[in-house]
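Here is the structure we will look at, set down as structure tokens.
Numbering of ligands and ligand atoms starts at 1, following listing order. Along the sequence shown, the residues carry numbers beginning at 1.
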Amino acid sequence: MNDVRRLRELATDIAREAGELARLRRAEGVLLAATKSTVADIVTEADREVEQLIRDRLSAERPGDGFLGEESGGADSATGLTWVVDPIDGTVNYAYGMPAYSVSIAVVEGNADPETWIGLAGAVYAPVLGELFTAARGEGAWLGETRLSVNAEAPAGALLATGFGYDPTTHDGDLATVRQIMPLARDLRRMGSAALDLSYVAAGRLDGYFERGLRPWDFAAGALLVTEAGGVVTRTDTASERPMLVAAGPEIHAQISSVLHNES
Ligand code: IPD
């Protein structure tokens, strides 16, 4: 039986170390390594170096566990556990010198398939903001020593967040979704790091979050944070290339889902 607290400690230790490396490299200046799916979808040298650090630490501490990382791909699990890692979530913010970026590390039971995995532990560390969000299955979600809970209701309208894919052909659809959802919202944020958006839902700093087309490493740790903080996370349209993820407290989640369900 794996101890989820020990897994959380390991995720936390490595996320801190990785975050400090990212911050150091940012202070030295960003080197763009490549573009990926589109010209807007960038990877920096630091993304690669930070992922390598995380991967090396995990293979030393947890040989045999599987791995899925944004930059270096995957390795199958021989133990039944898989680590799902975004070395720098919010790479565009990072490249522009904005503080809203984070290291996201999760460990799940099962393979690297969000449809079937069970989240066990996770850490989201924002090194410039100095904030560390952690969760372990059945043990709650935490910001440092403070236990987190999602907002139960949003009487003045929900403070929502979303994100947009890097592919410009998807923007019209995403904007149509925003238009549909705005009647529910008191306001809308687009912060640029899905892992932080989800951490903020867990912390009650946002009432809800929705985005299409996230990749597993963007939400693996953050989704566990939300559910451990009493929230609901769903992924729908999973057969499409851009599943819709919605995260919020139960009541607000139901409101968002009902609007999205009626999307034309
Ligand atoms: C991106 C961020 C962004 C979200 C994009 C993600 P990356 O991750 O989380 O907020 O809107 O969908 O791809 O590329 O910075 O790791």
Decide yes or no on side chain to side chain donor-acceptor pair (under 3.5 Å) for T82 and N111, but give the supporting numbers first.
CA-CA 6 Å; T82 302; N111 292 319; 4.6 Å; no
Does [X] pair with [Y] as a salt bridge, N-O distance under 4.0 Å?
X   : Y   : answer
R25 : E45 : no
E61 : R6  : no
R57 : E17 : yes

Hey, which atoms in ligand 1 end up nearer than 4.0 Å to a heavy atom of [X]?
X    : value
L214 : 12 (O)
E70  : 14 (O), 16 (O)
F164 : 11 (O)
D86  : 16 (O)
A194 : 2 (C), 9 (O), 10 (O)
G163 : 11 (O)

Considering all heavy atoms of both residues, which atom of V39 and which atom of T35 are nearest to each other, and what is their separation?
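Heavy-atom minimum between the residues: O-CG2, 3.6 Å.
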For Y125 versus A15, what's the shortest heavy-atom pair and its separation?
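Heavy-atom minimum between the residues: CD2-O, 3.3 Å.
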Just to confirm my output: which protein heavy-atom neighbour is closest to [atom], and how far is it?
atom                    : result
atom 8 (O) of ligand 1  : D89 OD1, 3.0 Å
atom 3 (C) of ligand 1  : G192 O, 3.6 Å
atom 14 (O) of ligand 1 : Y166 OH, 2.8 Å

Does the side chain to side chain contact (heavy atoms under 4.5 Å, CB included) test come out yes or no for V50 and E71, once each step is laid out?
CA-CA 10 Å; V50 172; E71 312 305 342; over 6 Å; no
Non-hydrogen atom of [X] closer than 4.0 Å to ligand 1:
X    : result
Y94  : no
G165 : no
M191 : no

Have a look at ligand 1 and work out which part of [X], if any, has a heavy atom under 4.0 Å from it: side chain, backbone, both or neither.
X    : answer
W217 : neither
R215 : neither
E211 : side chain
E71  : neither
I88  : backbone
S193 : backbone
T91  : both
N93  : neither

Just distances here: any N/O of A195 and N/O of ligand 1 closer than 3.5 Å?
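So ligand 1 has no N or O lying under 3.5 Å from an N or O of A195.
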Are any of the N or O atoms of G90 closer than 3.5 Å to those of ligand 1?
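N/O-N/O distance below 3.5 Å exists for this pair.
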Using the salt bridge (charged side-chain N to carboxylate O under 4.0 Å, His left out) rule, take R137 and E109 through it: C-alpha gap first, then chi angles, then the decisive distance, then the call.
CA-CA 11 Å; R137 187 166 202 84; E109 193 178 297; over 6 Å; no
Parallel, tilted or perpendicular: which fits the ring planes of F164 and H171, with parallel below 30° and perpendicular above 60°?
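Because their plane-to-plane angle is over 60°, the rings of F164 and H171 count as perpendicular.
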Students often mix this up, so state it plainly: with edges at 30° and 60°, are the rings of Y94 and Y101 parallel, tilted or perpendicular?
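Perpendicular.
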Near E28 CD, under 6.0 Å, is it more than 12 heavy atoms from other residues, nucleotides or ligands?
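Buried by this count: over 12 neighbours within 6.0 Å.
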Of T162, D237, D174, which meets side chain to side chain donor-acceptor pair (under 3.5 Å) against R212?
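That would be D237; it is the only one of T162, D237, D174 passing the side chain to side chain donor-acceptor pair (under 3.5 Å) with R212.
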To the nearest 0.5 Å, tell me how far R190 CZ sits from D197 CG.
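That separation rounds to 7.5 Å.
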